[in-house]
Each structure stands twice: as C-alpha cells, then as structure tokens.
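Input: a single structure, listed below in structure tokens.
What you are looking at is a predicted structure, and each value in this text was computed from that prediction instead of being measured. All chains are named by letter (A, B, ...) in the order of the sequence lines, taking the proteins before the strands, and each is independently numbered beginning at 1.
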Amino acid sequence: MNKVSFEQIVSLCKIRGFIFQGSEIYGGLANTWDYGPLGSRLKNNLKDAWRKKFIQERSNSYELDSAILMHPRVWEASGHVESFSDPLIDCKKCKIRSRADNLIENAGLSGNSLGNDEMFELIKSNGIKCPSCGECDFTEIREFNLMFETYRGTTNDKKSIVYLRPENAQGEYINFANVQRSMRCKLPFGIGQIGKAFRNEITPGNFTFRTIEFEQMEYQTFCKKGFDTELYDYFKKYGMNFFEEIGIPKTLLRFHDHEKLAHYAKAACDIEFLFPFGWGEINGTHNRTDYDLSRHQQYSKKSMEYLDSETNEKFIPYIIESTYGVDRIFLALICSAYAEEEVNGDTRKILKLNHKIAPYKAAILPLSKNLSSKAYEIYKDLSRMCMCDYDEAGSIGKRYRRQDEIGTPLCVTYDFDSETDGKMTIRQRDSMIQERIDISELKNYMSNYLKR
RNA sequence: GCGGGUGUAAUUUAGUGGUAGAAUUCCAGCCUUCCAAGCUGACAGUGUGGGUUCGAUUCCCAUCACCCGCUCCA
C-alpha cells in the first residue's frame, strides 16, 4: 500500500457505499462520517468478530450496554470534568497556546478559584508575558471542554447539564458490582462493551481517524492487585492476535509504550497501525489500577470492594483496560486491504478483505440474463445462510471486478451447463481457485470456507 | 485553533467575464456462453452566501468542507 493515497481510499469508500461525508448535502459537518450499506456491514462484522473473541470465546466474560447519558457525578469521579476542561489562551504574536492558570501560577501569582474573565484581567494588569515570545498580547480565555454537554428537561440552567460520554469505560465501572452480583463472578472477570463515545475535539481529521463521534470496543478486566502486571502483558498480545485474525498484516502493526501517562494509569501501551499518514493508535491497553473504582466508591459512598472467599480478604479490584477504536480499525482494514493491480494496461482496484469481515460473503452471478430466474432463486436460498449479493448487470467479467472491488471472497456463477448438470462455478478471490460444485453442496462448501 | 493548498456531474478531470466539454461509473435497450468487450440512448456539475459587473463558474470578500504541516490528544 506504499503509494496508495488517502484520496483513493476516500474515493473508493464513497463510490462503493462504505463511507459518506456526514451531512453532505448541507456542505458537510466537520469530522462526522456516515457509514453506507457496505460500511455498516463491514463495521458490524468487525464488531461481531470482536464480540466473538472477547465475549463468546472467553470464560468469565460479560457484555454490557450502558447508557450514553450518565449522572454528571460519574464524570466528576472519573476526573473528566476536571482534566477535560482547560482555560486556554493564545498568544496573538507567536500563536502559541497556553493554559491561563499555568501562566498565572508561573508568574508567582495565585489564580485559584478565579473565573476566566478575572484571570484574563490578572494576566493583563500584571503584564504576564508569553513564555515563548515574551510579548503580552493574548486572545481572550476560552474554555476548552472536550466533553459534549447537553441539557435534560426544558430549561438550560446549570443543574440540568448532562454529558455525552467521552469514553465508555465508566459504564463498566459503575456497573461493576451489578455484573459481579448478577453473574456471580469471581475475580478475575471481564466486562466488554461496544458503543459510541463523543469528544468535542478541534482537530484535523485524517478521514475517519479522528472524529467527534466514534465507536469503541472496550474490555475491562477486574483482578486482584499483583495479578495486574501479568494481565496487562497478556492483553497487549491478545490485541495483536485479534488484529491478525481479522486480516491486518503484522508488518503494519507495532507496539508503542507510553511514557506520559493519563491521570488514572500506571502503564499504557498502544498498538499502532501504519496508515498512509503515518502510525496511528488503533488499540490501547491501560493498567488503570484501583483508581476508578476507588473514586466511584468515594463519590457514590457505595462499596466497590470484593470479598475473596478463599482468603476472606476485602479489597478494591485493579482494572486492566483494553480499548479498540472501531472506526480506526475499520480504516486500518480498508487501508491494508486496498490494492491496485495492472492488467493489460488497466488499473484494477481490489479490496483484499479477510472473509470474516467482508460485507458480502458471496455474489451469485447468472452467466446470462436468460439464466436469471434460477440464479435468483439460489441467491435467495443462500441469503438465509449469509450475506450475499446478486448481480446480473453487464458482462460477467465486469461483475467479477465489481465484487473484487468490495472484497467479496466468493463468486458463484450459474451457467448454461448448470441447467443440465446441476453444478455452479465457485471462485475464491484470494486464491483464484475455481471449482464446479453441485448446487446441493454449495452451502456446505461455503460454510466450510467461511469457517477458516 | 494556527499556517499552506484545493473545491466544476457519483468519480477523475478540461475550460471560459457572455449557452460548461469529456472519460469512467450508474441506468435503459441491443449484443454478449466465465474475469472491467462493443453499439445506441438517457441521467447528471461550477460547495454555500455576499460583492463588483449589463452579465460571475471565472475577479474580490466571507463562510463551509476536505487535504498537507503544526498544535492538541485519555
């Protein structure tokens, strides 16, 4: 994918119904994207693959679907209200952005509990200088809250503010005791969740890499202190393994350990993918210690302790979080699958998607329109088993090309011989193996292929 | 949020201060017996809003969006 530009990917996504710009007919809304018919399919397949690996195939593993809107105190406890909202100020001369409270503190003054206007006045009256260029010529202070706010009820007074969750994790944490009790869990156990989160970031987009509304697949493992380091290493590898299983080549992946850590974390490591614009995070594993549950215990006054019935010890569990950005992995899948091949001077686009996540598993093609009715009947039947496409428009070659371009692994062609011998030609895109299979055997053949 | 670039049909693009041209795609028809064949036809466009002008897709301003580089980033 060396020479592949982002524009080619964006263009293919639009033409083939994977991703459209958000609110396009109104000129677009920055950093929002809509997933089209094939994009939705691919995205759901990705989520299904994750669900299978993290929920279904793991024991002591439970899925959760928590509310996007949560009690505002959740975000006070989590630290988001405090650390997600900064009073920022820009130097008009050198365009460097600083935190207003830091400027005041560094000047030896106290900016505690001052409002933004007061801080601005303080900076002006004391002639506090820009740390970069030494001038004192600032824009007004702007509050930069990364959490989307909305209001419940009909009045916009402060008491009714609720936030759109900036991460899903808190949903898992505040339901820790509910899940533990109802599922009779013993440590260690995991809670996974797939859902949307929102961040009011002003950033360059890089297509769907950074958006203001995005979907996460998160997995939180609750464990006893002392077991956390081992689990942390385990989930780093588990994540890498997941990416390989859905078809992302290992050569395009790397670990990236964090040195600067978030307010809750003891250790953090990303898995990065080599996008056309450079390395970008698609997974993060964090050792969040007992920070989150302790804070919720403190703020809610509800016990978050776990009783170990073997040792009779009571303690607040540690949490290892492994979080996956759905939209970013989607993008990584498309980027790593996209290829162009030269055939007889023509450039052909191919999406080499793993069959597990391909939007369509098979396309049913009548060799001629005269064979439509029987082919369509077979298509309807196969559709009961998996997602299939049916195409009778244009030449047979063109229809194969169309399927290659959207990553369909199997093409099944009904021809004139099929009428008499009851067989169809089935072609595998990845190996280009072509076989004639009895129509009654098609489902078996396909299901065996798709199980690989 | 800063700096630079770009906006013409679904896509890729040509061109012009005076009726916007093509290729591909898509659709319909003819043809076509396994990997983007051919023919005919149809659909479809100057991101949005102002200004200058007799007249703006073209010049100017603003805005929106995307791309590149910063900045930021749990």
(Q) Distance criterion of 3.5 Å, no angle test: do you see the side chain of A/R399 paired donor-to-acceptor with the base of B/C34? (A) no

Q | Distance-only donor-acceptor test, A/Q434 side-chain atoms vs B/C35 base atoms, 3.5 Å | A | yes

Between [atom2] on [N] and [atom1] on [X], what's the gap in Å once rounded to a whole number?
X      : N     : atom1 : atom2 : answer
A/N31  : B/G1  : CG    : P     : 12 Å
A/F277 : B/C68 : CZ    : P     : 8 Å
A/R16  : B/U11 : CZ    : C1'   : 10 Å
A/F20  : B/U11 : CZ    : C1'   : 13 Å
A/I212 : B/G1  : CD1   : P     : 13 Å
A/E340 : B/U12 : CD    : C1'   : 13 Å
A/N370 : B/U32 : CG    : P     : 10 Å
A/E7   : B/G5  : CD    : C1'   : 11 Å

Q: From the options B/U32, B/A10, B/U12, select the nucleotide whose nearest atom is closest to the side chain of A/S11.
A: B/U12

Q.
Of the options B/C66, B/C72, B/A36, whose atoms approach the side-chain atoms of A/W33 most closely?
A. B/C66

Q: Pick base, sugar-phosphate or nothing for A/E405, based on heavy-atom distances below 4.0 Å to the nucleic acid.
A: base

(Q) Categorize A/Y26 for me: base, sugar-phosphate, or nothing, with a 4.0 angstrom heavy-atom threshold over every strand shown. (A) nothing

Q. For the atom pair OG (A/S447) and CG (A/L442), what is the distance rounded to the nearest 0.5 Å?
A. 11.5 Å

(Q) With no hydrogens and no angle check, just 3.5 Å: does a side-chain donor-acceptor pair link A/Q8 and A/E340? (A) yes

(Q) Looking only at side-chain N and O atoms, does A/Y35 offer a donor or acceptor that is under 3.5 Å from a partner on A/D327? (A) yes

Q: Mark yes or no: A/K47 above the aromatic ring of A/F330, with NZ or CZ under 6.0 Å from the six-membered ring centre and no more than 45 degrees from the axis.
A: no

Q. How does RNA chain B read in dot-bracket, base by base from 5' to 3', with Watson-Crick or G-U pairs under 3.5 Å and | used when the partner is on another strand?
A. (((((((..((((....[..))))..((((.......)))).....(((((..]....))))))))))))....

